[in-house]
Structures are given as C-alpha cells and as structure tokens.
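In what follows, every heavy atom counts, from backbone to side chain, and hydrogens, waters and symmetry copies are set aside. Note that ligands are numbered from 1 as they come in the structure, with each ligand's atoms numbered from 1 the same way. Predicted, not measured: the structure shown is a model, and the values here were computed from it.
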Amino acid sequence: METIVVKFGGSSLADAGQFRKVADIIKADDRRRFVVASAPGKRSDSDTKVTDLLYRCYDQAVAGGDYGSVLEQIKARFSDIISELGVDFALDSEIDVIRRHLSAEPSRDYMASRGEYLNSKILAAYLGFPFYDAAPLIRFAADGTFDEEQTNANLSAVLAMVECAVVPGFYGATEDGAVHTFSRGGSDVTGSLVARAINATVYENWTDVSGMLFTDPRIVSNPQTIEYITYRELRELSYMGASVLHEDAVFPVRKAGIPINIRNTNCPADKGTMIVAALPKEFRMRTVTGIAGRKGFTSILLEKSSMNSEVGFGAKMLGVLAKHGVSFEHCPTGIDTMSVVVSSEQFEEHRAAVLDDLNEVLQPESIVVESSLAMIAIVGHGMVAARGSAARIFRAVADAGINIRMIDQGSSELNIILGVDENDFEEAIRSIYREFR
Ligand code: ADP
Ligand code: ASP
Ligand code: MG
C-alpha cells in the first residue's frame, strides 16, 4: 500500500486557520497517514516563533529572572488554537508540567522541544490520529551524536504496527530519556527519518513557498520554482543558505530512494519541487539549477615563497584551525599562497590564538585577514556540459560593477562558488539570477 509522510513547518501550523488547511490537505489523499509537525511559527513578519519564545523562557529561568509572562505568551499561542478549533485538550496540566520542569533543573533542549510536543498533540487530537512521542523513538548517543540506525529500528518497529500517526519533529532523546534536539529547522530531518522507516512512497514537506525556488525570494521577487532537483544539488543549495529545507534532511530518504516533494500549504494545488536521485529522462536539464548564498565569512590568506614545495604546509594550516575548533569552508591555493575561508563567528572567537599559531607553525611572509565576505554558490549538474558557464557568471557580476574576491569551483563540477563583499551580496545574486533565469 502506498504511504505518504507529510511534514508541516511552523508557518503551516501557526494558528487555527493554518491547522484547518493542514487537515484539508491530509484528508484530500488517504495515503497521507504519517504526519510530522513543527511548533507554531510566525503568523506575520513581526511575530515570534514559539520555539524562540521557549528559548527565551529557558534563558530567563536559568538567569533567575521572571519567566512567567513568556510562559503565559506561549500558553496563549496554544490556547488560541485549541479554543478556535474546539479541540478537547488539557493544556493547563501540560503547562504545569513545563512550569515544574523550569523550577527544578531546566534543560534547554527539553524546553525547545515543547513547541513540537504540544503542537503535535493538539494536531493529533484535531485529526483523530494517535500521537507518538519522538523522545523514545529518535535516539541520540550520550555525547549528543545522532544514532540513525537505532532510530530507524525504533521508528520502523512502532510505526509498522499502526494505520496513522502524528510524530513531533525536531527532537528525540538519549537512552536515559534526556531530550535532545536537532539543529534549528530540524523537523525536516524527523520527517525524512519517518519516511525512511515506513518506506514511504514520497516525503511531502509542506511549507509557505511553492517549492525550492531558483533563488532566495527575500532577495529576488518571485523567482521561479525549481521543478526537479537532485539530492546533491539540493544539499549544496541548502548548505549555502537556501533555508527551505534542513541540509541533513536529504540523507535518510536518499538512502531509501524516496523522493522529497516540497509543497505550499497556502497553495496546495501547486506541484512544488521534486527532489530525486536522478532527473527524469524527459526533463530538460538547465545549465544552472539554483543560486544560494550566505554572509558572515572571513578569508585568511597566507603567503610564503615556495610554499608549494613544502610538504605538509596545507595540513599544518588546517591543523591549526582544527586545534581551535574552527572548521574551514573553502581552501583556494596558489603556488606561493594559500587561503582558507572560515565562518567569521567561529574565527573571531579564537582570532588572536589562531593567528599566533599560524605565524609560529608556518612562518609565513604575510598573513592577510579579510572579513565581511559573502559566499554565493551557483549550483547545477548542467554546468559541466555547458561551455562558458563560468564566463557568463563572471561577466554578469562584473557588469553589475561588483568585484569578485574569491573563486572556488567545487571538485564535483556541481557548483561554482564566489566570494564577494557582504555589501555586494544581494546585487551579485540578482545579477547572476538575471543571466540564468
Ligand atoms: P518551515 O517553517 O515551513 O519549515 P522555513 O522558514 O524553514 O519554513 O523555510 C521556508 C522559507 O525558506 C521560505 O519562506 C523562504 O523565505 C526561505 N527560502 C530561502 N531560500 C529559499 C529558496 N531558494 N527557495 C524557497 N525558499 C527559500
Ligand atoms: N521549531 C524548530 C525551529 O524553529 C524546528 C523546526 O521548525 O523545524 O527551528
Ligand atoms: Mg524549516
């Protein structure tokens, strides 16, 4: 029997009106039997996500402050949904459990997880589906690393026995029951895990846009929807900033060959984006599939004559970064120069120590640090075959009067990465978009 896993994001479950749309979507196709839910998101641009309120509540509790009014705000978000939908739900006793937790020794992850926990319980009651808590199913090791195989065994064993279920996204627990969350946006990962465990026909990820768009809609207005994209392309784009899907959500379904379909809760008739292992034969591949980027990078450029003949230079340079817990993103090299691009946030925390060590270990002639760098990834399997793609990118950016500060062509030939000044970020994306749309 065909089965579809549906995951609804925060904006899709932000209020009672959105809950009704979600129920209509589920009821429109009886294959939609397994539901993964996020915490209530923003109802408008100026609103606050319940997950952010929960973090704020926790911060105030551990600082010994008065968290009562934030907790009331959180409670009000849920009670509005419950009363408007007319669901029978014991919210007071649930909030009492949270209050007792806060007055003992609160856990940050436990608090953050309560948004998904309560929203999923309410959704289960509204749909008439059974609720399955994620804590005993989604397993993390004691050191916080995710245990995918144990999780898959747990989820398969429990969900194989049931007709339908609502499972909260974003969190699981260690063996001793301590709640642990994925990183932000992690309900996408939960949806993928459930899809793998029940061997779903498709994993539908319902959000507030009609699929993965050619670029960020906050930078370019109305970019077209990408109809088909491979798992690899999607991962490149989501890692580089296309925040519509968590970058780790690809792994569980990719293993099982299950496609992901990104859909819009507010426009359910739109087909959205299909994420697949290989594009269908009849599909005409575009040169560029999508463009994404992020700000907040720093480049560290080292110069030393005859560096290329010094065996182990690169390893030593990366070793210094690793020692200080700074991970590198890109590493373009020349004969006498080597640069690494790192996250500014990670670097700034250890700046002085990293530079001291680089000087001591590598004895370069110079070290130049350039911050406020933005990285832009132009991604597409089609670029390998299309001659002149790089030239088109560089001309488009140059014609916009923007100086390119770094170029890195991924070894897979799947992407070309540009570094530009943060102030040029949006315009650079717009100029590349105009060239390839
Ligand atoms: P959800 O709450 O449903 O998980 P998210 O906010 O995590 O939704 O992701 C959807 C948002 O991702 C969109 O509203 C959009 O602003 C943003 N976004 C950024 N880049 C892209 C892109 N390339 N395609 C689609 N959406 C994008
Ligand atoms: N609610 C969590 C967050 O805001 C997880 C999610 O929405 O996927 O990050
Ligand atoms: Mg999301």
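- The pair Glu72-Arg99 meets the salt-bridge criterion, with a side-chain N (NZ, NE, NH1 or NH2) lying under 4.0 Å from an Asp/Glu carboxylate O.
- At the top of the distance list for atom 3 (O) of ligand 1, counting protein heavy atoms only, stands Thr207 OG1, 2.7 Å.
- On a distance-only criterion, Gly10 and ligand 1 share at least one N/O pair closer than 3.5 Å.
- In terms of protein heavy atoms, atom 24 (N) of ligand 1 is closest to Leu213 N, 2.9 Å.
- Aromatic ring orientation, His324 versus His350: tilted (interplanar angle from 30° to 60°).
- Distances shorter than 4.0 angstrom occur between a heavy atom of Gly185 and an atom of ligand 2.
- A salt bridge links Arg405 with Asp421: at least one charged nitrogen is closer than 4.0 Å to a carboxylate oxygen.
- Taking each heavy atom of Arg184 and Tyr55 in turn, the nearest pair found is NH1-CE1, 3.7 Å.
- For the pair Arg114 and Glu94, the salt-bridge criterion is not met [side-chain N within less than 4.0 Å of a carboxylate O].
- Of the protein's heavy atoms, Ser187 OG, 3.4 Å lies nearest to atom 6 (C) of ligand 2.
- In summary, Arg77 and Asp15 do not engage in a salt bridge, as defined by a charged side-chain N under 4.0 Å from a carboxylate O.
- Residue Gly186 approaches ligand 2 through these ligand atoms, each under 4.0 Å from one of its heavy atoms: 5 (C), 8 (O).
- In terms of N/O distances under 3.5 Å, ligand 2 is not approached by Lys7.
- Under 4.0 angstrom from ligand 1, the non-hydrogen atoms of Pro217 all belong to its side chain.
- Here the heavy atom of the protein found nearest to atom 5 (C) of ligand 2 is Glu116 OE2, 3.4 Å.
- Among all non-hydrogen protein atoms, the one lying nearest atom 26 (N) of ligand 1 is Val244 CB, 3.6 Å.
- Ligand 1 has no nitrogen or oxygen under 3.5 angstrom from a nitrogen or oxygen of Lys49.
- Between Phe170 and Tyr117, the distance from one ring center to the other does not fall under 6.0 angstrom.
- Between Gly211 and ligand 1 there is a heavy-atom distance shorter than 4.0 Å.
- Put simply, atom 18 (N) of ligand 1 has protein non-hydrogen atoms near it, under 4.0 Å away.
- Here Arg43 pairs with Asp47 in a salt bridge; the nearest charged N to carboxylate O distance falls below 4.0 Å.
- With respect to Arg392 and Glu435, a salt bridge is recorded, a charged nitrogen being found less than 4.0 Å from a carboxylate O.
- Looking only at heavy atoms of the protein, atom 7 (O) of ligand 2 is closest to Ser38 OG, 3.4 Å.
- Note on ring orientation: taking the six-membered ring where Trp is involved, the planes of Trp206 and Phe8 are parallel (angle under 30°, cut-offs 30° and 60°).
- Ligand 2 places these atoms under 4.0 Å from at least one heavy atom of Thr51: 1 (N), 2 (C), 3 (C), 4 (O).
- Any N or O atom pair closer than 3.5 Å counts here, and Phe214 shares no such pair with ligand 1.
- At a 4.0 Å cut-off, at least one heavy atom of Ser243 sits close enough to ligand 1 to count as contact.
- Heavy atoms of Lys7 come nearer than 4.0 angstrom to ligand 1 in at least one pair.
- Of all heavy-atom pairs between Asp408 and Cys331, the closest is OD2-N, 4.1 Å.
- Geometrically, ligand 2 and Phe170 share no nitrogen or oxygen pair separated by less than 3.5 Å.
- Ranking protein heavy atoms by distance to atom 3 (C) of ligand 2, first place goes to Arg184 NE, 3.3 Å.
- Ion pairing of Lys271 with Glu227 is absent here, as no side-chain N (NZ or NE/NH1/NH2) approaches a carboxylate O to less than 4.0 Å.
- If you look at Leu237 next to ligand 1, there are no close heavy atoms at all, none under 4.0 Å.
- Ion pair Lys49/Glu116 not flagged as a salt bridge, since none of the NZ, NE, NH1 or NH2 atoms sits closer than 4.0 Å to an Asp/Glu carboxylate oxygen.
- Residue-level proximity to ligand 1 for Val209 is carried by the side chain, the only part with a heavy atom below 4.0 angstrom.
- Distances between N or O atoms of Asp208 and those of ligand 1 include at least one value under 3.5 Å.
- Look at Arg196 and Glu149 and you find a salt bridge, because one of the NZ, NE, NH1 or NH2 atoms lies within 4.0 Å of a carboxylate O, short of that distance.
- Ranking protein heavy atoms by distance to atom 16 (O) of ligand 1, first place goes to Arg218 NE, 3.7 Å.
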